[in-house]
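Encoded as structure tokens, the structure appears first; notes follow it.
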Amino acid sequence: MSGYNFQYCQKIVVFSNDLESVLLCKRKGENDYDGVYSFIGGKMENTDDSFIAGLQREKNEEVGEGFKVEIYPTLTVNSLFKKKSGDFMVLPHYFARHISGDVKLNEEYSDFKWVKIIELKDFEPKIPGIPKIVEKLISLKNIAKQDEMVAI
């Protein structure tokens with residue numbers, strides 16, 4: 001077996017416009033985290049021309065084209081995840097701010113919630129690393145310049 005068996009799976013951490021809440025969506029029919037709230041996003045595909053194109057495609061598929069965010073494409077908070085199948089996933093988490101539009105979930109999710117950041121540690125069921133990732137990404141809002149944000 002090759003030592004390079006992994007998937008690149010971009011995640012979008014969508015903060016409310018006032019940066020007080022974060023969007024979490026409840027996975028449906030997923031092997032590792034069925035019934036658990038997570039961030040939106042997914043694997044890069046060969047047809048994606050860029051990281052931003054992949055992020056936009058996943059955002060459009062999962063929460064709808066009308067749901068608009070500004071994303072900071074320069075820095076990410078990264079994690080590594082070993083799936084039940086034994087495959088590894090590299091998960092870069094991008095800071096994003098909701099601009100407009102309503103969430104329109106696809107078949108991958110059964111529910112969504114805007115969870116207040118101050119209530120995030122006690123919110124369940126969620127992927128365990130979510131509070132730490134949110135904490136790290138909040139610090140990026142002080143680094144990100146408005147002219148570096150990309151609307152998708």
Side-chain angles (χ1 to χ4, degrees), residues 7-79 81 83-84 89-152:
Q7 298 170 325
Y8 188 79
C9 184
Q10 301 183 113
K11 294 295 184 177
I12 306 171
V13 182
V14 181
F15 289 85
S16 58
N17 200 5
D18 62 9
L19 302 175
E20 291 185 8
S21 300
V22 66
L23 176 67
L24 295 179
C25 297
K26 191 175 189 180
R27 301 292 306 183
K28 180 173 73 172
E30 206 269 337
N31 287 338
D32 291 288
Y33 284 116
D34 186 40
V36 177
Y37 285 86
S38 68
F39 302 122
I40 62 171
K43 297 178 217 62
M44 287 287 296
E45 296 181 3
N46 292 337
T47 55
D48 295 329
D49 293 333
S50 66
F51 292 127
I52 296 298
L55 289 163
Q56 184 166 18
R57 178 188 49 75
E58 284 291 338
K59 189 254 331 153
N60 290 349
E61 288 174 3
E62 294 183 3
V63 293
E65 289 183 35
F67 185 82
K68 301 294 184 188
V69 300
E70 286 183 326
I71 195 160
Y72 185 56
T74 307
L75 299 174
T76 60
V77 173
N78 303 307
S79 62
F81 175 68
K83 298 172 72 170
K84 289 179 182 174
M89 297 182 89
V90 176
L91 300 138
H93 293 80
Y94 289 82
F95 173 88
R97 187 178 58 82
H98 180 240
I99 301 171
S100 64
D102 296 326
V103 173
K104 299 210 182 324
L105 296 175
N106 72 359
E107 68 282 350
E108 296 176 52
Y109 298 102
S110 62
D111 188 29
F112 75 92
K113 294 194 183 309
W114 286 98
V115 180
K116 294 271 187 204
I117 292 169
I118 60 172
E119 299 169 359
L120 196 53
K121 286 185 180 177
D122 295 327
F123 178 81
E124 293 295 341
K126 68 178 177 308
I127 291 175
I130 285 177
K132 188 146 227 52
I133 290 166
V134 167
E135 181 183 316
K136 289 178 179 180
L137 283 173
I138 287 172
S139 66
L140 290 183
K141 73 179 174 57
N142 300 321
I143 295 170
K145 295 183 177 79
Q146 185 58 40
D147 64 346
E148 295 175 323
M149 301 293 280
V150 176
I152 60 170

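Counting begins at 1 with the first residue of the sequence.
- Considering only heavy atoms from C-beta on, Tyr8 comes within 4.5 Å of Pro92 through its side chain.
- The side chain to side chain donor-acceptor pair (under 3.5 Å) check on Asn78 picks up Thr76, with sequence neighbours excluded.
- Put simply, the side chain of Tyr94 does not reach to within 4.5 Å of the side chain of Phe39, judged on heavy atoms.
- Residues that satisfy the salt bridge (charged side-chain N to carboxylate O under 4.0 Å, His left out) test with Glu148, not counting sequence neighbours, are absent from this structure.
- Going from atom CD of Glu108 over to atom CD1 of Ile40 covers 10.5 Å, rounded to the nearest 0.5 Å.
- Legend: residues meeting salt bridge (charged side-chain N to carboxylate O under 4.0 Å, His left out) with Lys43, ordered by chain and number and at least two apart, are absent.
- Ile133 CD1 to Ser79 OG: the interatomic distance, rounded to the nearest 0.5 Å, is 4.5 Å.
- Listed for the His93 side chain is no donor-acceptor partner under 3.5 Å among the backbone atoms of Lys11.
- Minimum interatomic distance between Val36 and Ile127 (heavy atoms only, all atoms of both residues): CG1-N, 3.4 Å.
- Side-chain contact between Tyr37 and Pro125: present, with at least one pair of heavy atoms (C-beta onward) separated by less than 4.5 Å.
- Side chain of Asp34 to main chain of Gly29: a donor-acceptor pair is present (N/O by atom type, distance under 3.5 Å, no hydrogens or angles).
- Around the NZ atom of Lys83, the shell of radius 6.0 Å holds more than 12 heavy atoms that belong to other residues, nucleotides or ligands.
- At a threshold of 4.5 Å between non-hydrogen side-chain atoms, the residues Tyr109 and Val63 do not count as touching.
- Sorted by first and then second residue, the pairs that involve residues 89-100 and meet salt bridge (Lys or Arg N to Asp or Glu O under 4.0 Å), not counting sequence neighbours, are Glu70-Arg97.
- Judged as a salt bridge (charged side-chain N to carboxylate O under 4.0 Å, His left out), and not counting sequence neighbours, Glu119 has no contacts.
- Aromatic pair Phe67/Phe112: ring centres not closer than 6.0 Å.
- Considering only residues two or more places apart in sequence or on other chains, Glu61 meets the side chain to side chain donor-acceptor pair (under 3.5 Å) condition with Arg57.
- Sorted by first and then second residue, the pairs that involve residues 123-136 and meet salt bridge (Lys or Arg N to Asp or Glu O under 4.0 Å), not counting sequence neighbours, are Glu124-Lys126.
- Here the side chains of Tyr72 and Ile143 are in contact, with some heavy-atom distance below 4.5 Å.
- In this structure, the side chain to side chain donor-acceptor pair (under 3.5 Å) partners of Asp18, at least two apart in sequence or on a different chain, are Ser16.
- Of all the heavy atoms in Ala151 and Ile99, the pair that sits closest is CB-CD1, 4.3 Å.
- Other residues, nucleotides and ligands place more than 12 heavy atoms under 6.0 Å from the CZ atom of Phe81.
- Of all heavy-atom pairs between Gln10 and Gly54, the closest is NE2-C, 4.0 Å.
- Trp114 has its side chain within reach of Val14: a pair of non-hydrogen atoms, C-beta onward, lies under 4.5 Å apart.
- Atom OG of Ser21 is separated from atom CD1 of Ile117 by 6.5 Å, given to the nearest 0.5 angstrom.
- With sequence neighbours left out, Ser110 forms a side-chain contact (heavy atoms from CB on, under 4.5 Å) with Lys26, Lys28.
- More than 12 heavy atoms of other residues, nucleotides or ligands shown are found within 6.0 angstrom of CG on Asn142.
- By the side chain to side chain donor-acceptor pair (under 3.5 Å) test, Thr74 is found to be paired with no residue, residues two or more places apart in sequence or in another chain being considered.
- Evaluation of the ring pair (Phe, Tyr, Trp, His ring centres under 6.0 Å) test over residues 132-152, restricted to residues two or more places apart or in two chains, returns none.
- No side-chain heavy atom of Leu23 sits less than 4.5 Å from a side-chain heavy atom of Ile12.
- Looking at Ile138 and Phe15, their side chains come closer than 4.5 Å, going by heavy atoms from C-beta outward.
- Ile71 CD1 to Ile152 CD1: the interatomic distance, rounded to the nearest 0.5 Å, is 4.5 Å.
- Considering Leu120, Leu137, Ile130 as possible partners of Val22, the one that fulfils the side-chain contact (heavy atoms from CB on, under 4.5 Å) test is Leu120.
- Under the rule for a salt bridge (charged side-chain N to carboxylate O under 4.0 Å, His left out), Glu65 has no partner lying at least two apart in sequence or in another chain.
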